[in-house]
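Take a look at the structure below.
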Amino acid sequence: MAESTESPAVMNGSSASVGPDYCEIIVVRHGETPWNVQGKIQGHLDVELNEVGREQAVSVAERLAKEFKISVIYSSDLKRALETAQTIANRCGGLKVIEDPELRERHLGDLQGLVFREAAKVCPIAYQAFLSRKTDQDIPGGGESLDQLYRRCTSALQRIARKHIGERIVVVTHGGVIRTLYQRACPNKKPEGFLKSGFGGDSTSG
C-alpha cells in the first residue's frame, strides 16, 4: 500500500531531523477498496476503503507514528485516500489533514467504473487512448493525458514542499500519481513492483 521517498534515515527506521533547506515527503498510497478487489477502474470516482484497506491504513499509521516525527499530512480529497490519511493523523497524535484535490488519481474518462478486463470491449476508443504511448493523449469522457497528470501532481508536490521547508510531511495519494512522481524523481530508472503497469489489479485502478 505504501510508497515513500525513502531517505537513508527512513530506511534505517530513524526519525532523524530534516535538513533546514529541504522538505522530506513520505508518499503513501491509500488502502484497498472493494473496487480494487473487483478490478474496477476508479479514477476520480469516490470509493471508500474496505476492511482490508482500513487494516492497511492502521498498519502504515503505526509504523509512521513509531519511526518518524511528522508535521502535517496532505491528502487527495477522495474518500479512500482521505480515510487513510485520517487514520495516520490519529495515530500520529492528532495531526492536521489538509485535503488537496490536485493529489487525486488520474481522471480516466469513460473507463471509470468499468471492470478492467471488460474495458476493451465496452469502450474500445477510450481503452486504446489509455494504452497510447503518446503522453499528450487524453481519454474520451474528460480523462487526463499523462502530460496533464504529470503537470498536476508534480506542481502540487512542489507547492506543498515549499510551504514546509525543514519539515517531514506525509502525502496520501493514488497509484497513478505515485508512478508519475517516481518518473519525476527517477527519470532514468525503470519502475518496480506495481509501478510498472498502468492498470490491472489492486495497483492500478486508483
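The basis for the numbers below is simple: all heavy atoms, side chains too, and nothing from hydrogens, waters or symmetry mates.
In terms of hydrophobic clustering, with Ile, Leu, Val, Met, Phe, Trp and Tyr side chains grouped at heavy-atom distances under 4.5 Å, L95 and V97 are assigned to a common cluster. Taking hydrophobic clusters as Ile, Leu, Val, Met, Phe, Trp and Tyr residues chained together by side-chain heavy-atom distances below 4.5 Å, I98 shares a cluster with L103. In the hydrophobic clustering of this structure, V47 does not group with V115; members are Ile, Leu, Val, Met, Phe, Trp, Tyr whose side-chain heavy atoms approach within less than 4.5 Å, directly or through other members. Tracing side-chain contacts under 4.5 Å through hydrophobic residues (I, L, V, M, F, W, Y), one reaches F116 starting from L114; they form part of the same cluster. At a threshold of 4.5 Å between side-chain heavy atoms, the hydrophobic network of Ile, Leu, Val, Met, Phe, Trp and Tyr places W35 and L78 in two separate groups.
Distance check: K40 NZ to E118 CD gives 9.5 Å after rounding to the nearest 0.5 Å. Atoms OG and NZ, from S71 and K69 in turn, are 7.0 Å apart once rounded to the nearest 0.5 Å. Taking OG from S76 and CD from E99, the interatomic distance works out to 8.5 Å, rounded to the nearest 0.5 Å. Distance CD/E105 to OG1/T180: 8.0 Å, rounded to 0.5 Å. Within the model, atoms CG of L45 and NE2 of H107 stand 7.5 Å from one another, a figure rounded to the nearest 0.5 Å. Atom CD in E24 sits 7.0 Å away from atom CZ in F68 (nearest 0.5 Å).
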Do L149 and V177 pass the side-chain contact (heavy atoms from CB on, under 4.5 Å) test, and can you show the C-alpha distance, the side-chain angles, and the key distance before you say yes or no? CA-CA 7 Å; L149 174 64; V177 172; 4.3 Å; yes

I'd like to know whether I160 forms a side-chain contact (heavy atoms from CB on, under 4.5 Å) with K163, so could you lay out the CA-CA distance, the side-chain angles of the two residues, the decisive distance to 0.1 Å, and finally the verdict. CA-CA 5 Å; I160 291 168; K163 293 181 179 179; 5.9 Å; no

Evaluate the criterion side-chain contact (heavy atoms from CB on, under 4.5 Å) for residue pair C123 and L111; output intermediate values, then yes/no. CA-CA 7 Å; C123 286; L111 298 176; 4.2 Å; yes

Candidate pair R54 and E51, rule salt bridge (charged side-chain N to carboxylate O under 4.0 Å, His left out), full reasoning: CA-CA 5 Å; R54 293 186 177 98; E51 288 307 311; 3.0 Å; yes

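The minimum heavy-atom distance between L82 and D77, with the atom names listed, is CD2-O, 4.4 Å. Nearest heavy-atom pair, D110 versus G141, reported as atom, atom and distance to 0.1 Å: OD1-CA, 3.2 Å. Residues I41 and A119 share a closest heavy-atom pair of CD1-CB, 4.3 Å. Looking at every heavy atom in both residues, D46 comes nearest to K79 through OD1-N, 2.6 Å. Listed here is the closest heavy atom pair of P101 and R152: O-NH1, 4.0 Å. The shortest non-hydrogen separation linking H174 to A81 is NE2-CB, 4.0 Å.
With no hydrogens or angles considered, no side-chain donor-acceptor pair links E102 and S155 at under 3.5 Å. T87 and N90 share no side-chain donor-acceptor pair at under 3.5 Å. At a cut-off of 3.5 Å, with distance as the only test, a side-chain donor of Y74 or H164 sits close to an acceptor on the other residue.
Listed by chain and number, the residues in a side chain to side chain donor-acceptor pair (under 3.5 Å) with N50 are E32 (sequence neighbours excluded). D138 meets the side-chain contact (heavy atoms from CB on, under 4.5 Å) test with S145, Q148; sequence neighbours excluded.
The side-chain heavy atoms of Q112 and H44, taken from C-beta on, include a pair separated by under 4.5 Å. In this structure, the side chains of I70 and V72 stay at 4.5 Å or more apart for every pair of heavy atoms. Residues Q183 and Y150 have side chains in contact (heavy-atom distance under 4.5 Å, counting atoms from C-beta outward). V60 has its side chain out of reach of Q56: every pair of non-hydrogen atoms, C-beta onward, lies at least 4.5 Å apart. The side-chain heavy atoms of R159 and D100, taken from C-beta on, include a pair separated by under 4.5 Å. In this structure, the side chains of I73 and I169 stay at 4.5 Å or more apart for every pair of heavy atoms. The shortest side-chain heavy-atom distance between T173 and V28 does not fall under the 4.5 Å cut-off. In this structure, Q137 and E144 have side chains that are not in contact, with every pair of non-hydrogen atoms separated by 4.5 Å or more.
Partner of T33 under the side-chain hydrogen bond (donor to acceptor under 3.5 Å, both in side chains) criterion, out of E83, Q38, Q42: Q42 alone.
When the shell of 6.0 Å around CD1 of I125 is examined, it contains 12 or fewer heavy atoms from other residues, nucleotides or ligands.
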